[in-house]
Amino acid sequence: MSTLTLASRWNPIDWPLTEGLIPHAVLAVGWAALFALAVGRGRSWWRVRLPAALLTAAVLSWLLDAVVDGWWHPFPEGTPRYVTWWIAVALLGLCLAGYRMRRLDWRRRGLALGLSGLVVLMASSEVNIGFGQFPSGRVMLAPWLTKTDGLDATKTGQVVAAPPGKSLEEVWQPPADLPEKGTVSVVPIPGTKSGFKARDAYVYLPPAYQATPRPLLPVVVMITGQPGVPGDWVLSAQINEALDAYAADHGGLAPIVVMPDQLGSTWANTLCLDSKIAKTQTYLAVDVPNWVHQNLQAATSRNSWAIGGASMGGTCALQLGVNAPEVYGTVLDMSGQEEPTLGSREQTVKAAFGGDEKKFDAVDPLQVMAHKKFPDTNVALVVGETDEEFRPQMEKVYQAVQAAGMKSKFELMPGGHGWVVFRPGIAQQLPWLAQQTGLTR
């Protein structure tokens with residue numbers, strides 16, 4: 001069902017790209033374009049050039065799959081099958097156009113290129129539907145449309161803290177001039193102790209943070225998946241809009257959300273561990289909290305701090321929950337893996353610990369939970385109900401967190417693996433995060 005408001009229905013950049021008329025129209029036009037490219041006149045087309053185009057597309061698809069999943073290996077779990085299929089369709093459209101070029105005049109060459117462009121557009125649209133990366137043009141244009149502010153690093157002597165046995169909302173009185181929206185800032189968080197060279201982080205400060213007296217708000221650290229950038233939670237998940245909506249219903253209160261970098265670059269995979277690759281665990285468990293304490297006024301106890309993430313970021317969140325429980329008392333794991341991985345356990349242990357299995361087991365969440373209890377840790381596990389790759393792993397993780405005595409819940413979301421689950425997932429879990437971190441009852 002579309003979530004467009006009445007006002008945005010008339011704005012083309014708000015029209016949905018993953019449901020409704022537009023993606024269906026793109027699909028129909030794309031298949032028609034592919035059919036037009038496949039049909040030709042003359043025996044040479046049917047006997048030579050069409051088979052050559054089909055063979056070329058098949059070979060290119062095989063080579064691309066071999067390079068991506070066999071050599072480059074940017075996705076530990078491999079490229080989703082539907083992505084491989086639609087890449088093959090796009091390559092077929094381009095090959096069909098290419099084999100037509102020689103016998104066409106310039107006008108018809110332009111037409112062939114236009115038709116192949118429609119096939120590529122169709123393939124891109126279908127991949128986008130699967131991942132849910134861009135539900136609308138506004139999200140696609142978010143890097144250029146999203147407003148960021150300078151970080152408010154001022155300290156005030158007047159603060160409101162929740163007394164024992166009460167939530168912050170119960171003692172908070174919002175002022176009349178409270179802003180309607182929070183702020184989003186882009187800031188560097190240096191790896192002072194870890195030495196990790198992180199990209200700039202995103203920080204969301206809710207409306208109540210701009211008030212005097214200032215409430216001592218809980219902190220949620222959100223980790224993106226891999227590949228990814230820290231801004232994904234703002235640009236793709238629109239977490240700031242979900243937080244603003246939550247704050248509007250709670251007197252301007254919402255968690256402070258810090259979105260740091262745990263990768264170093266878009267395609268890197270640090271495993272969120274302290275290893276030969278990087279000291280990312282120290283970065284997230286020491287450097288990031290220290291930066292927050294130095295630059296922001298926020299609650300400091302582990303009960304007021306949560307860490308969450310999606311896909312590899314979800315795995316990362318669980319790792320920090322069991323390896324740094326003194327920092328994070330609450331964990332949100334969306335579609336995470338059962339253990340940190342670079343593709344296989346052998347590859348991971350070799351790259352991270354020089355082949356030392358014991359060092360890996362000492363930080364592997366399932367191994368840690370098998371030998372240690374965490375009765376004071378809260379965990380929410382969220383996964384897409386049709387996610388064939390990650391749902392079985394999350395079910396295994398759920399059994400482990402239960403055995404470790406954590407206060408846990410397991411929820412299924414409509415969809416597979418991608419922002420189609422992560423975007424509504426974080427919005428739906430905000431009330432739970434607020435309750436676990438003492439913001440509300």
Side-chain angles (χ1 to χ4, degrees), residues 73-77 189-199 201 221-230 258-291 302 305-328 331-372 374 377 379 381 390 393-394 396-397 400-401 404:
H73 212 71
F75 309 103
E77 66 279 0
I189 300 181
T192 305
K193 185 171 183 179
S194 64
F196 180 61
K197 296 180 180 179
R199 293 168 293 178
V221 174
M222 290 299 298
I223 309 298
T224 188
Q226 182 272 337
V229 296
V258 181
M259 296 155 270
D261 179 29
Q262 91 287 9
L263 299 176
S265 63
T266 300
W267 296 97
N269 188 344
T270 64
L271 299 170
C272 278
L273 299 173
D274 283 355
S275 72
K276 293 172 62 178
I277 299 173
K279 290 188 175 181
T280 325
Q281 180 177 308
T282 297
Y283 180 71
L284 294 171
V286 178
D287 290 329
V288 170
N290 284 348
W291 181 90
R302 69 177 296 275
W305 277 64
I307 186 165
S311 194
M312 179 264 188
T315 316
C316 181
L318 184 62
Q319 291 171 226
L320 270 293
V322 301
N323 291 314
E326 71 282 0
V327 180
Y328 300 105
V331 174
L332 171 60
D333 179 355
M334 293 194 289
S335 305
Q337 302 137 315
E338 63 184 88
E339 66 179 17
T341 181
L342 295 174
S344 70
R345 188 177 179 89
E346 181 182 1
Q347 287 176 305
T348 306
V349 174
K350 182 179 179 180
F353 298 107
D356 192 329
E357 289 268 357
K358 291 183 178 180
K359 288 185 177 179
F360 181 75
D361 287 344
V363 292
D364 179 10
L366 265 61
Q367 295 296 324
V368 174
M369 288 187 288
H371 300 93
K372 187 177 179 180
F374 298 87
T377 296
V379 177
L381 304 175
F390 289 84
Q393 298 184 62
M394 290 288 282
K396 185 175 180 179
V397 169
V401 300

[X] versus [Y], closest heavy-atom pair with distance:
{"X": "G264", "Y": "D261", "answer": "N-OD2, 3.0 Å"}
{"X": "G336", "Y": "M394", "answer": "N-SD, 3.3 Å"}
{"X": "V221", "Y": "W305", "answer": "CG2-CZ3, 4.1 Å"}
{"X": "R345", "Y": "F360", "answer": "NH1-CE2, 3.2 Å"}
{"X": "I277", "Y": "A351", "answer": "CG1-O, 3.9 Å"}
{"X": "P260", "Y": "V288", "answer": "CB-CG2, 4.0 Å"}

Side-chain contact, heavy-atom cut-off 4.5 Å: [X] with [Y]?
{"X": "F374", "Y": "V379", "result": "no"}
{"X": "K193", "Y": "K279", "result": "no"}
{"X": "V349", "Y": "K359", "result": "no"}
{"X": "I223", "Y": "L320", "result": "no"}
{"X": "Q337", "Y": "Q393", "result": "yes"}
{"X": "D333", "Y": "T315", "result": "no"}
{"X": "Q319", "Y": "L273", "result": "yes"}
{"X": "T270", "Y": "Y283", "result": "no"}

Roughly how far, to the nearest 0.5 Å, is [atom2] of [Y] from [atom1] of [X]?
{"X": "D356", "Y": "K350", "atom1": "CG", "atom2": "NZ", "value": "14.5 Å"}
{"X": "F353", "Y": "K358", "atom1": "CZ", "atom2": "NZ", "value": "14.5 Å"}
{"X": "L271", "Y": "E339", "atom1": "CG", "atom2": "CD", "value": "10.0 Å"}
{"X": "L332", "Y": "M222", "atom1": "CG", "atom2": "CE", "value": "5.5 Å"}
{"X": "R199", "Y": "S265", "atom1": "CZ", "atom2": "OG", "value": "6.0 Å"}

Exercise. Taking only residues two or more places apart in sequence, or in another chain, which ones meet Y328 in a ring-ring contact (aromatic ring centres under 6.0 Å, His included)?
Worked result: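 With sequence neighbours excluded, Y328 shows a ring-ring contact (aromatic ring centres under 6.0 Å, His included) to no residue whatsoever.
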For this session: Go through the steps for T192 and N290 under the test side chain to side chain contact (heavy atoms under 4.5 Å, CB included), then give the verdict.
Result: CA-CA 9 Å; T192 305; N290 284 348; over 6 Å; no
For this session: Under the side-chain hydrogen bond (donor to acceptor under 3.5 Å, both in side chains) rule, collect the residues that match up with Q367, sequence neighbours excluded.
Result: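 Checked Q367 against side-chain hydrogen bond (donor to acceptor under 3.5 Å, both in side chains); zero matches.
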Exercise. Are T341 and Q347 close enough, and set up right, to give a side chain to side chain contact (heavy atoms under 4.5 Å, CB included), and what steps lead you there?
Worked result: CA-CA 8 Å; T341 181; Q347 287 176 305; over 6 Å; no
For this session: Report the C-alpha distance between M312 and T224 in whole Å, list the side-chain angles of each, state the deciding distance to 0.1 Å, and finish with yes or no for side chain to side chain contact (heavy atoms under 4.5 Å, CB included).
Result: CA-CA 7 Å; M312 179 264 188; T224 188; over 6 Å; no
For this session: Kindly determine whether L318 and V401 satisfy side chain to side chain contact (heavy atoms under 4.5 Å, CB included), including the steps that lead there.
Result: CA-CA 10 Å; L318 184 62; V401 300; 4.3 Å; yes
Has the side chain of [X] got a donor or acceptor atom that lies under 3.5 Å from a matching backbone atom of [Y]?
{"X": "Q226", "Y": "T266", "result": "no"}
{"X": "N323", "Y": "V363", "result": "yes"}
{"X": "T348", "Y": "L342", "result": "yes"}

Problem set entry | From T280, D287, D274, residue fulfilling side chain to side chain donor-acceptor pair (under 3.5 Å) relative to S194 |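 Going through T280, D287, D274 one by one, the side chain to side chain donor-acceptor pair (under 3.5 Å) with S194 is satisfied by D287 alone.
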Exercise. Take atom CD in E346; do more than 12 heavy atoms of anything else shown fall under 6.0 Å from it?
Worked result: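 Atom CD in E346 is not packed in, count stays at 12 or less.
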